[in-house]
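Notes to accompany the following structure.
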There are 2 protein chains.
Amino acid sequence: MSLSIDRDKFQAADKPTLYKQIRLDIERRILTGEWPPGHRIPFEHQLMTRYGCSRMTVNKALSELAQADLIERRRRAGTFVRRPKFLSAVLTIPDIRAEITSLGRSYGYQLIRSSRRAANAADRIRLGISKTGKVVAISCRHSADGVPFAIEDRLIDLDAVPEAATADFAIEPPGTWLLHHVPWTEAEHSISAIAADEQIAAALDITIGAPCLVIDRHTWRSARTLTAVRLVYPGESHKLVARFKGG
Amino acid sequence: MSLSIDRDKFQAADKPTLYKQIRLDIERRILTGEWPPGHRIPFEHQLMTRYGCSRMTVNKALSELAQADLIERRRRAGTFVRRPKFLSAVLTIPDIRAEITSLGRSYGYQLIRSSRRAANAADRIRLGISKTGKVVAISCRHSADGVPFAIEDRLIDLDAVPEAATADFAIEPPGTWLLHHVPWTEAEHSISAIAADEQIAAALDITIGAPCLVIDRHTWRSARTLTAVRLVYPGESHKLVARFKGG
DNA sequence: GGTGATTTTATGTATAGACATATAGACGCG
DNA sequence: CGCGTCTATATGTCTATACATAAAATCACC
């Protein structure tokens with residue numbers, strides 16, 4: 001079962017306007033290898049002759065390709081096909097509640113622990129902040145059709161997110177609340193595998209030592225830490241799926 | 001230690017040209033919540049008055065924001081701030097050899113098994129192909145500074161990648177060879193956690209039952225399967241890192 | 001009031017022209 | 001040859017204008 005769906009860059013089949021035709025044409029040549037990495041793409045001047053249009057039209061097509069990182073443009077030098085991309089994929093981790101309900105399964109939520117406290121040393125390290133301040137610490141469990149789905153262990157910096165003080169996390173999962181109330185600009189995910197300890201095994205109803213998939217996520221807004229969360233999934237039955245569509 | 005680095009969308013601090021100023025200004029208002037999701041952004045007509053420029057300049061700024069999925073534009077209706085994005089991140093999985101050497105560690109490679117054969121039923125399922133054809137099956141191990149880093153188990157469809165028949169995978173890892181010789185257009189990753197079986201434990205020098213991080217990757221070119229690979233990493237010591245930078 | 005045709009309007013695409021700017025390559029000089 | 005300077009040039013940005021197009025709003029009609 002897929003824990004996460006990919007965010008396909010939806011390619012609406014819109015009317016092939018001129019600049020889009022040019023973009024697709026160049027894209028095709030790059031992806032088929034006709035124009036290999038490092039190859040110099042014809043100058044805008046030449047392309048406008050080839051396609052019989054103005055330079056601005058060619059420029060729009062090339063600008064979009066540059067924004068998509070397929071080509072590199074250097075003043076005076078020209079435009080070049082970029083070195084082969086790393087295998088990269090858009091990994092989408094939606095809100096767990098939305099994920100479960102969108103699969104047509106019933107969503108369950110249990111708040112295990114919730115406390116408000118001054119940040120201790122461990123909290124400060126985990127949040128990457130230096131000064132002491134108040135934090136909210138939450139442990140909870142998500143389940144699908146009554147079966148444990150994931151456990152969540154979260155810290156929220158109350159200085160950065162003061163509204164979290166009044167939210168009721170007994171009803172709404174903190175991830176869902178944050179997604180709808182707090183805009184973020186940067187996030188980092190660290191994915192690893194661990195063996196279930198006694199506590200995790202009990203919460204997820206699996207055996208001690210069973211492999212678990214772990215996602216540690218740190219979220220910022222403009223370099224300011226908002227929240228740090230660890231999500232633990234039973235590893236054997238769940239998968240993260242990330243898909244890349246070139247073009 | 002990080003198994004994978006993120007591909008930061010490098011934001012060169014370039015001269016703030018007018019359209020970029022407009023783009024950043026609107027971006028800021030969206031990210032700070034001043035213009036919440038659903039809010040209608042002033043018409044191009046109004047923005048060109050506000051910023052004292054032509055409509056094309058405003059249009060360029062808005063077009064880029066639309067391409068970045070921060071806003072939605074509808075003819076006649078106007079331009080709107082989009083609903084909050086899913087937590088998404090660019091997950092980058094570079095070539096393992098490049099990954100290890102870029103960290104300044106010595107790369108080691110051992111070919112465990114390599115065979116060419118007609119695709120059997122299991123191979124066809126794994127590659128998602130229907131007709132029988134020749135495939136190459138490779139098992140190998142990557143190590144860093146002499147320590148097992150990952151094991152790789154790969155199938156290559158020889159009909160789609162005939163050049164693979166002449167490549168010498170005793171010297172060059174198949175992933176590296178493919179990256180440099182075969183262009184691809186689509187890839188799907190499935191990430192999970194498993195317990196090491198006897199074979200994995202022996203190859204990675206870990207105990208049986210130890211958690212491992214597994215990446216199953218399937219790669220296509222224009223809907224044609226090229227290769228399917230399973231990478232198994234010791235889970236406790238390795239992490240996949242994916243970072244998202246908004247904007 | 002409902003329904004279909006018409007108008008209005010904001011965005012989408014395209015153009016020709018202009019000037020800015022970074023820089024590869026040529027040039028000159030010691 | 002090494003090094004700084006100049007120049008040609010490809011891309012970067014911006015303008016004013018034009019027409020296309022989709023869809024919201026209005027109107028006409030039954």
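It should be emphasised that the depicted structure is a prediction, and the values quoted were computed from it without experimental measurement. Each chain gets a letter, A, B and so on, in the order the sequences are listed, and its residues count up from 1.
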Rounded to whole Å, please give me the gap between CG in B:Leu65 and P in C:dG12. 12 Å
Between P of D:dC14 and CE of B:Met48, the distance in whole Å: 14 Å
Measure from the side chain of B:Thr79, starting at C-beta and using heavy atoms only, and say which of C:dT8, D:dT13, C:dT11 lies closest. C:dT11
Using the ring of each side chain (for Trp, its six-membered ring), is A:Phe169 parallel, tilted or perpendicular to A:Trp177, with breaks at 30° and 60°? perpendicular
Return the orientation label for the B:Tyr233 and B:Phe149 ring planes: parallel under 30°, perpendicular over 60°, tilted otherwise. perpendicular
Just the rounded figure in Å: distance from C1' of C:dG12 to CZ of B:Phe43. 16 Å
Please report, rounded to the nearest Å, how far the P atom of C:dA18 is from the CG atom of B:Leu18. 21 Å
Atom pair CG (B:Asp157) and NZ (B:Lys131), whose distance is rounded to the nearest 0.5 Å: 6.0 Å
Residue pair B:Gly78/A:Arg74 against DNA chain C: nearer the 5' end by closest nucleotide is B:Gly78
It should be established whether B:Lys20 places a side-chain nitrogen or oxygen under 4.0 Å from OP1 or OP2 of nucleotide D:dG12. no
Option among B:Leu70, B:Thr79, B:Val81, B:Ile41 that satisfies the side chain to side chain contact (heavy atoms under 4.5 Å, CB included) test with B:Ile26: B:Ile41
Please check if any side-chain donor atom of B:Tyr51 sits under 3.5 Å from a side-chain acceptor atom of B:Gln21, or the reverse. no
Separation of A:Glu44 atom CD from D:dA10 atom C1', in whole Å? 7 Å
If I take atom NE2 in residue B:His45 and atom P in nucleotide D:dT15, what distance separates them, rounded to the nearest angstrom? 15 Å
Distance check: side-chain N/O of A:Arg73 vs OP1/OP2 of D:dG12, anything under 4.0 Å? yes
Please report the distance, rounded to the nearest Å, between CD in A:Glu72 and C1' in D:dA10. 14 Å
A quick test of your reading: do over 12 heavy atoms of other residues, nucleotides or ligands sit less than 6.0 Å from NE2 of B:His45? no
Using a strict cut-off of less than 4.0 Å between a Lys/Arg side-chain nitrogen and an Asp/Glu carboxylate oxygen, indicate whether B:Glu152 and B:Arg217 qualify as a salt bridge. no
What residues 50-63 of chain A contributes to the DNA chain D interface at heavy-atom separation below 4.0 Å is A:Arg55, A:Met56, A:Asn59
Could you check how far CZ of A:Arg40 sits from C1' of C:dA24, rounded to whole Å? 11 Å
The side chain of A:Arg76 is closest to which nucleotide in this list: C:dT23, C:dA14, D:dA25? C:dT23
Start at the 5' end of DNA chain C and walk down; is the nucleotide closest to A:Arg75 or to A:Tyr19 reached first? A:Tyr19
